[in-house]
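Heavy atoms only: backbone and side chains are in, while hydrogens, waters and symmetry mates are out. Order of the sequence lines sets the chain letters (A, B, ...), proteins ahead of strands, with each chain counted from 1.
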Amino acid sequence: MSSAESATVVAAGLAGAGVLAGMLLPGRIRVVAVGLCTAGLGGAGLAGGVAALGGTRWSAYLPGLLPLAGLHLAVDALSGLFMAVAGAVVLAVAVYGIGYASGRGPRGPASRGVQAALPVFALTLVLVPAAASVSSFLLLWEAMAVTSLVLVLADQRERSAVREAGVWYAVMTHFGLVLLLAGLALFAAGAGGETFAQLRAGASGMSPGARGAVFLLVAAAFASKAGMVPLHPWLPRAHPEAPSNVSALMSAAMVNLGAYGIIRVNFELLGGGPRWGWLLVLATGALSAVYGILQAAMASDIKRLLAYSTSENLGLVLIGVGAAGLFASSGYPVPAALALAAALLHVTNHAVFKALLFCAAGSVVRATGVRDLDRMGGLRARMPATAGFFAVSSLAAVALPPGNGFLSEWLLLQSLIHGMTVPGVSTAIVLPLAVAVIALSAGLAAAVFVKALGVGFFARPRSARAASAEESPPLMHVGMGLLAIGCTALALVPGTLGNSLSRAVAAAGLHGGRPLAGGGLELRLDQVAASLSPLWVTAALVGGVVAAAGLIRLTTRRGRRTNARLWDCGGGAPTPRMSYTATSFAEPLQRVFDDVLEPEQDVDVTPVHESAYLVERVRFRRSVPDRIEHRLYRPVLAAALALGRAARRLAPGSVHRYLGYGFFGLVALLLALAVGW
Amino acid sequence: MNGTMTATGTAAVTLQVALVAAGAPLLAGLMRQVRALLEGRAGPGVTQPFRDLRKLLRKEAVTPAGTGSAFRLGPLVLVATTAVVAALVPLASTATPVSGSADLILVVALLGLGTVALALAGLDTGTAFGGMGASREMTVAALVEPTILLAVFALSIPAGSTNLSAIVSGGIHDPVRLASPAGLLSTAALAVAVLAETGRLPVDNPATHLELTMVHEAMVLEYAGPDLALVELGSQMRLTVLLGLLASLSAPWGIATTASPAALVLALVLLALKVALLGAALAAAEVFWAKLRLFRVPELLAGSFLLALLAVTASYFLTGE
């Protein structure tokens, strides 16, 4: 029995134990038992994934587990990467979740249903990348969707918005499932078999039209899971309304599987794809990156902001995947391997820092009950550890050194710049625009996380709840600490991932040499002249800060710092209400992108009763709705509703009418058969 | 790499950082003096910024009520990032021990880190001015990013790398590259980006005394004493480094490519001259410019973005096949 195999068995066993614990055990013991089982499951997934990344391949066929088709599992380095990422996130978030859910009432995150669904969801996150047949994949995929839906609805008794988010999520995720089912069924029919090995072998025999149709259907389905524009509206609803440990799992592990699906099915099984298809993937990624981060810049709900940032980061991943497909379909495996490695590295980095961001945000929401950044502020003093974790993960998210997000964006930019060696006018036009998109989203991301950290945690509290916040329980800190260690390790020694990334890229069918090489310290590119030593850059920065501080110490005569009032241009001590809020921070960006965002603005002036010239009250309201949701989904929903109302007239309750429908239906069918055949 | 080469390279890095740190106040003084002379004033002399820094360093350090570590760390990070950039950029020599890491994207990102640190410090004060400055600074920084990276892209195509030493030595050995449409366009785009990144006219007015028009100054209003000295020194160093980078990219002549100490000394002298010339030209131009309205700045940046995009396409279509 290989290590990956035993890890899978252990994970499944722990998930079963977790479900039983969730259903049978009472109160606080339940939360602890489920949390430990889930954490162990995550650890097993991490171990199995790391083993697969080390070069172990493993496959299994379990005919008894699933009627008719049986369960096919296979793990290669590509699956291993996604298993390891999901496992690591599950491990840390499960520990966090024990602290998060304990001390709550019998409802919500600590309830039996939620606690029983949690291990199943975690297991599907780890096992979806291991599925090796269409039926196994769809089964695990749907199990993941259903359990996550149960988890999203945890707080539905307390807030009606949760139910609305649940409906959006259920409908959108099943729309995706329908597309996926259709695409994979077409693929299996065309290839003459449903295991991935048969698909791989049969893909080349399919007609270009059929392959194109499969490509489009499957890519759309996976893009909706990854929260890509325009299939994203579930994401900024479901992630904020779910309990924060669930948000972290969804945002850091579940959406990754959308990217995994595109790499596995469109890239590997389909054996490449049409050039236009990859251009489409790249364009979708670029659009989502900019749109997502722009909406995040406007958001003042901290979890909604993070959800839109997920959309942005997965967009960046898809830019890498699309570029890889584009280069590979032009016959250039070396830049393709580089682009894919960048995308996979960004998946890893994003998973770790986004899990930490959601956990830190959850810690704040748990302590204050407030999600609105405008009503936070001053949390640094009340919750120093949480503020520190949020700062660490923000540094990673802004794509600036020494954060880990910078490294993958740097690699992505390098792969696009060196992709210019691929001939063709489309690359010459698309790649510079993609670089500009990455740059703009990185710049906006800096503004977004300066806003989240500066307005949410710095300065002074802007509401009573923020002023009386209390630091979260230690187990939540342990979970966040694990993620922070992950962030730091990825930021300082990314070179240790070099061999694993090369194997994962090779498992995707790209044999273009090793895109990353070297020991533990450097991210050195073999084919092109570019290198980066994150450890040295960090050391130089720390050295610079220490030197500057020392210089000040030496030259200043009086050593101690004195405390003083805020000067504020002589305006005296400003009240917390005078400080900048998240909304006011975003105002210049909102005006710059006015035409894109279309904010809605409403001024309501009420005059005094006797005179029209004296104003009694002015009410100003401005909101920045999601324009795509507004323009694309509302009309569709309205049309569906109108159709439903119209269809009601067909059913007036008269039995004669219904018998008539039956009669005419039968006659029409017989006529069609008689004429047609 | 042999011993003398490492020694000269290390000396080059140290001297670059030292020259930038010591020369930055002089450059600021020179620019103010040029401006004063053109406006018909006597001016305070070139060494006035030194006297200002000395005065500020002698005062006591003040912690305004309600501020925390972000406020304290902001100026330190600003100076540290600029010093690291000054060490990385091949201002005087391309043969340094750090030239392998002198990546243009890394340089841009390090400058961004300085901006972010100061914006967080501005928000940390909790005053309306601090928040306003931070918000405006981040808006400009976000919009200027695409221009910079596209210009980087255009510059890296002929060199085949984003490594600054490779780009600069490519320019020295093949001067035609600098005068090509791609080279000129990307330098122009980069020049606009430098104006925006350093808060010069027409994007921001460094000499303004009207709070509502401030961008950079509004962020740092609460600083006093040694902290303010660091903020001032950091901004001056940033301007010096960016002008030096612009000089290295557009007129790289004289930069040492070998490990000869004589070439290094010559390169340092030339660097000082080039940066002084660019600074004087910028100061002279600023006399005739007015500050743009904040919401007209995106138009300027969009224009420079277009230049950068043209540079990339020109570089691809004119040099490619």
Side-chain angles (χ1 to χ4, degrees), chain A residues 380-381 398-401 406 410 413-414 417 420 428 432 435-436 439-440 442-444 446-447 450 453-455 458-460 528-533 536-537 540-541 544-545 548-549 552 555-558 561-569 574 576 578-580 584-585 587-589 591-592, chain B residues 57-58 60-66 68 70 76-77 79-81 83-84 100-101 103 105-106 109-110 112-113 116 119-120 123-129 131-132 134-136 138-139 141-143 145-146 149-150 153 156-157 160-163 166 211 221-222 226 230 294-295 298 309 312 316:
Chain A
R380 176 194 50 204
V398 294
L400 291 176
F406 170 69
W410 179 79
L413 285 170
Q414 291 290 352
I417 288 175
M420 284 301 259
V435 166
L440 182 62
L444 288 172
V450 164
L453 184 64
V455 172
F458 292 170
R460 276 152 297 153
V528 293
S531 70
L532 190 68
S533 328
W536 288 113
V537 171
L541 279 176
V545 168
I552 289 300
T555 51
T556 315
R557 274 189 201 157
R558 279 168 254 177
R561 297 179 73 93
T562 47
N563 291 317
R565 274 176 46 169
L566 279 169
W567 176 53
D568 200 24
C569 290
M578 289 175 178
S579 63
Y580 250 47
S584 43
F585 188 90
E587 208 264 357
L589 276 175
R591 279 175 69 163
V592 171
Chain B
L57 281 174
R58 282 178 180 175
E60 61 183 354
V62 176
T63 306
L76 297 175
V77 175
V79 171
T81 52
V84 173
S101 307
D103 187 84
I105 301 174
L106 175 67
L110 281 173
L113 183 65
V116 163
L120 282 174
L123 279 172
D124 198 17
T125 61
T127 62
F129 287 127
M132 186 170 72
S135 155
R136 292 177 175 178
M138 289 316 298
T139 305
L143 296 177
E145 200 84 341
L149 278 189
L150 268 191
F153 195 168
S156 69
I157 289 175
S161 167
T162 53
N163 185 286
E211 293 92 340
L221 272 176
E222 293 298 327
L230 275 186
L294 182 65
F295 293 105
L309 192 61
V312 175
Y316 182 79

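Note on A:Pro574, A:Ala399, A:Ala428: by heavy-atom pairs under 4.5 Å with chain B, the leading option is A:Ala428. Among B:Val84, B:Leu113, B:Val77, the residue making the largest number of heavy-atom pairs under 4.5 Å with chain A is B:Leu113. With respect to chain B, the highest number of heavy-atom pairs below 4.5 Å among A:Gly544, A:Pro588, A:Ala548 belongs to A:Pro588. Ranked by heavy-atom pairs under 4.5 Å with chain A, the first of B:Thr81, B:Ile105, B:Leu230 is B:Ile105. Contact count versus chain A (heavy atoms, under 4.5 Å) is highest, among B:Val312, B:Val79, B:Asp103, for B:Asp103. When each of A:Ala459, A:Ala540, A:Ala447, A:Ala442 is scored by its heavy-atom pairs under 4.5 Å with chain B, the top score falls to A:Ala459. Between chain B and the options A:Gly443, A:Ala439, A:Ser584, the largest number of non-hydrogen pairs under 4.5 Å is found for A:Ala439. In terms of non-hydrogen atom pairs under 4.5 Å with chain A, the most contact-rich of B:Leu294, B:Thr125, B:Thr139, B:Leu143 is B:Thr139. Most heavy-atom pairs under 4.5 Å with chain A: of the set B:Gly68, B:Ser156, B:Ala141, this distinction falls to B:Gly68. The choice from B:Ala119, B:Gly112, B:Ala65 that makes the most heavy-atom pairs within less than 4.5 Å of chain A is B:Ala65.
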Going through the distances and angles, do A:Val537 and B:Ser101 end up as a side chain to side chain contact (heavy atoms under 4.5 Å, CB included)? CA-CA 9 Å; A:Val537 171; B:Ser101 307; 5.6 Å; no
Apply side chain to side chain contact (heavy atoms under 4.5 Å, CB included) to the pair B:Ile157 and A:Ile417, showing each step before the final yes or no. CA-CA 8 Å; B:Ile157 289 175; A:Ile417 288 175; 5.5 Å; no
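Among all heavy-atom pairs drawn from A:Phe585 and B:Ala134, the shortest one is CE1-C, 3.8 Å. Closest non-hydrogen pair, B:Glu222 versus A:Asp568, comes out as OE2-N, 2.6 Å.
In this structure, the separation between OG1 on B:Thr63 and CG on A:Leu566 is 11.0 Å, given to the nearest 0.5 Å. The CG atom of A:Leu440 sits 10.5 Å away from the CG atom of B:Leu150 when rounded to the nearest 0.5 Å. Note that CG of B:Leu221 and CH2 of A:Trp567 are 5.5 Å apart. Values are rounded to the nearest 0.5 Å.
No donor-acceptor distance shorter than 3.5 angstrom exists from the side chain of B:Thr127 to the backbone of A:Ser579, with no hydrogens or angles considered. Checked by atom type and distance alone, the side chain of A:Arg460 pairs as donor or acceptor with a backbone atom of B:Gly126 at under 3.5 Å.
Residue A:Phe406 touches chain B through its side chain alone, counting heavy-atom pairs closer than 4.5 Å. Both the backbone and the side chain of A:Val455 come within less than 4.5 Å of a heavy atom in chain B. When heavy atoms are compared at a cutoff of 4.5 Å, B:Pro298 approaches chain A solely by way of its side chain, counted from C-beta outward. For chain B, the nearby parts of A:Met420 are the backbone and the side chain; heavy atoms of each come within less than 4.5 Å. With a threshold of 4.5 angstrom between heavy atoms, B:Ala166 does not approach chain A through any atom at all.
When the salt bridge (Lys or Arg N to Asp or Glu O under 4.0 Å) test is applied to A:Arg380, the partners found at least two apart in sequence or on another chain are B:Asp124. Residues forming a salt bridge (Lys or Arg N to Asp or Glu O under 4.0 Å) with A:Arg591 (at least two apart in sequence, or on another chain): A:Glu587.
The closest side-chain heavy-atom distance from B:Leu123 to A:Leu453 is not below 4.5 Å. Contact annotation: the side chain of B:Leu57 approaches that of A:Ile552 to within less than 4.5 Å [non-hydrogen atoms, C-beta and beyond]. With contacts defined as side-chain heavy-atom distances shorter than 4.5 Å, the pair A:Leu589/B:Met138 does not qualify. With contacts defined as side-chain heavy-atom distances shorter than 4.5 Å, the pair A:Tyr580/B:Ser135 qualifies. Contact check for A:Pro432 versus B:Leu309: side-chain heavy atoms found under the 4.5 Å cut-off. Between B:Phe153 and A:Leu413 there is no side-chain heavy-atom pair separated by less than 4.5 Å.
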